[in-house]
Amino acid sequence: MLINRREVLARSVAGAAALIAAGGLGSSARAGDEGVPGFTLPKLPYAYDALMPHIDAETMQIHHEKHHAAYVKNLNAALSGSPDLLKREPAELLKHLDDVPAGVRQAVINNGGGHVNHTMFWNMMAPNSGGAPSGEVAAAVDGAFGSFERFQAEFSEAAMKRFGSGWAWLVINSGNKPEIVSTANQESPLQVGQTPLLGIDVWEHAYYLKYQNRRADYVKAWWNVVNWSYVAELYSAAMKS
Ligand code: MN3
């Protein structure tokens, strides 16, 4: 079922991004408000078909309703014996994995990572976006990589070179500098003290229906939906902390 368009208009992309940026990554995705402990699947900040023609509606719907929903469900199951951990911000779980019981730590990396990564990913994309960053993000990218074009080439290369399933990221590293990294499966840069600014999901489920084995075509098209205003919010928050 596609999201009602009026509902989408009511929740502007900027509003959703601000909500998440204000409360930390994935704050809108923490539950408990209904009295049921556990994490919940956040709504997409736009309709499933909003990123067409670059990302098709069926991919978006399955990715959100099936894949992301499964990470949430499995994260809740993994932490069912740790009610205090179910109340944390999902990103905080990944930053403090030592607090997670060893027996469920890998499940939290897989499913907590999946939950946090996808919550960010939906906001890192938007309709009528793409192009190049401006302001402080543009300056940071130019400073670290020489130019936006070189950044884009290096980031795309990281996305292409990730063998199997995983992500490519632009992060602020522990030295407070922009860096391109890649993670396997649902591992998050947050686990190693990096702050994600931009990430691309290169699991086949993110592109196979439309692009089949042509990951390069997906990566190229994806630049057209990058939500630089959200990246700017994450950058500004990272610089303040
Ligand atoms: Mn995915």
Side-chain angles (χ1 to χ4, degrees), residues 20 24-30 38-39 41-42 59 62-64 66-79 82 85-86 88-125 144 151 154-208 215 218-219 222 226 230-231 234-235 237-238 241:
I20 287 185
L25 300 173
S27 66
S28 67
R30 195 170 59 75
F39 303 101
L41 180 67
T59 295
I62 294 172
H63 203 170
H64 179 253
K66 305 294 182 192
H67 293 278
H68 189 171
Y71 296 127
V72 173
K73 182 167 177 263
N74 293 334
L75 176 62
N76 287 334
L79 293 178
S82 311
L85 295 179
L86 284 173
R88 289 217 190 158
E89 294 297 336
E92 293 303 312
L93 290 174
L94 302 176
K95 288 183 196 170
H96 305 287
L97 283 165
D98 286 352
D99 295 349
V100 174
V104 296
R105 199 170 293 149
Q106 189 59 48
V108 169
I109 291 170
N110 295 344
N111 297 291
H115 180 33
V116 170
N117 290 342
H118 286 85
T119 300
M120 286 191 285
F121 186 55
W122 309 135
N123 287 284
M124 288 166 173
M125 303 186 290
F151 158 71
E154 284 182 36
F155 186 100
S156 297
E157 191 185 0
M160 289 305 298
K161 280 191 175 163
R162 165 48 53 197
F163 183 76
S165 297
W167 297 72
W169 303 95
L170 170 66
V171 301
I172 295 297
N173 65 22
S174 47
N176 232 23
K177 301 281 185 225
E179 183 181 347
I180 292 167
V181 299
S182 168
T183 58
N185 302 313
Q186 294 299 351
E187 286 174 13
S188 164
L190 293 166
Q191 290 169 234
V192 291
Q194 300 167 340
T195 304
L197 301 182
L198 180 65
I200 182 171
D201 186 345
V202 294
W203 283 57
E204 284 186 344
H205 68 224
Y207 62 89
Y208 209 86
R215 186 189 288 187
Y218 158 67
V219 172
W222 176 81
V226 170
Y230 183 63
V231 174
L234 295 179
Y235 179 77
S241 64

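Any value given below was found using the heavy atoms of this structure, including those in side chains, with hydrogens, waters and symmetry copies removed.
With hydrogens and angles ignored, the 3.5 Å screen pairs no side-chain donor or acceptor of Trp169 with any backbone N or O of Leu197. With hydrogens and angles disregarded, no donor-acceptor distance shorter than 3.5 Å links the side chain of Arg162 to the backbone of Trp167. A donor-acceptor pair under 3.5 Å is formed between the side chain of Asn76 and the backbone N or O of Phe39. Of the possible polar contacts, one joining the Asn123 side chain to the Thr119 backbone as a donor-acceptor pair under 3.5 Å is found.
Between Gln186 atom CD and His67 atom NE2 the span is 10.5 Å, to the nearest 0.5 Å. One finds the NZ atom of Lys73 at 13.0 Å from the CG atom of Leu41 (value rounded to the nearest 0.5 Å). The structure places CE of Met120 at 7.0 Å from OH of Tyr230, a figure rounded to the nearest 0.5 Å. Here the CG atom belonging to Leu75 is positioned 7.0 Å from the CG atom belonging to Leu86, to the nearest 0.5 angstrom. For the atom pair CD (Glu187) and OG (Ser182), the distance works out to 10.0 Å, reported to the nearest 0.5 Å. The CG atom of Leu190 sits 7.5 Å away from atom CG of Asn117, with the distance rounded to the nearest 0.5 Å.
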**Request:** Carefully, step by step, assess Glu157 and Ile180 under the rule side chain to side chain contact (heavy atoms under 4.5 Å, CB included).
**Result:** CA-CA 10 Å; Glu157 191 185 0; Ile180 292 167; over 6 Å; no
**Message:** Before you tell me yes or no, could you show the steps for Tyr235 and Leu170 under side chain to side chain contact (heavy atoms under 4.5 Å, CB included), namely the whole-Å CA-CA distance, both residues' side-chain angles and the distance that decides it to 0.1 Å?
**Reply:** CA-CA 10 Å; Tyr235 179 77; Leu170 170 66; over 6 Å; no
**Message:** side chain to side chain contact (heavy atoms under 4.5 Å, CB included), that's the test. Do Lys66 and His205 meet it? Break it down for me.
**Reply:** CA-CA 10 Å; Lys66 305 294 182 192; His205 68 224; over 6 Å; no
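Taking 4.5 Å as the limit, every side-chain heavy atom of Thr183 sits out of range of all side-chain heavy atoms of Ser188. Leu234 is listed as a side-chain neighbour of Met124, based on a closest heavy-atom distance under 4.5 Å.
Here the closest heavy-atom approach between residue Phe155 and residue Ala168 is recorded as CZ-O, 3.6 Å. When all heavy atoms are compared, the tightest approach of Val202 to Tyr207 is O-CE2, 3.5 Å.
Using the six-membered ring where Trp is involved, His63 and Phe121 have ring planes that are tilted, between 30° and 60° apart. Ring-plane geometry between His115 and His68 is classed as tilted, the angle between the planes lying from 30 to 60 degrees on a 0 to 90 degree scale.
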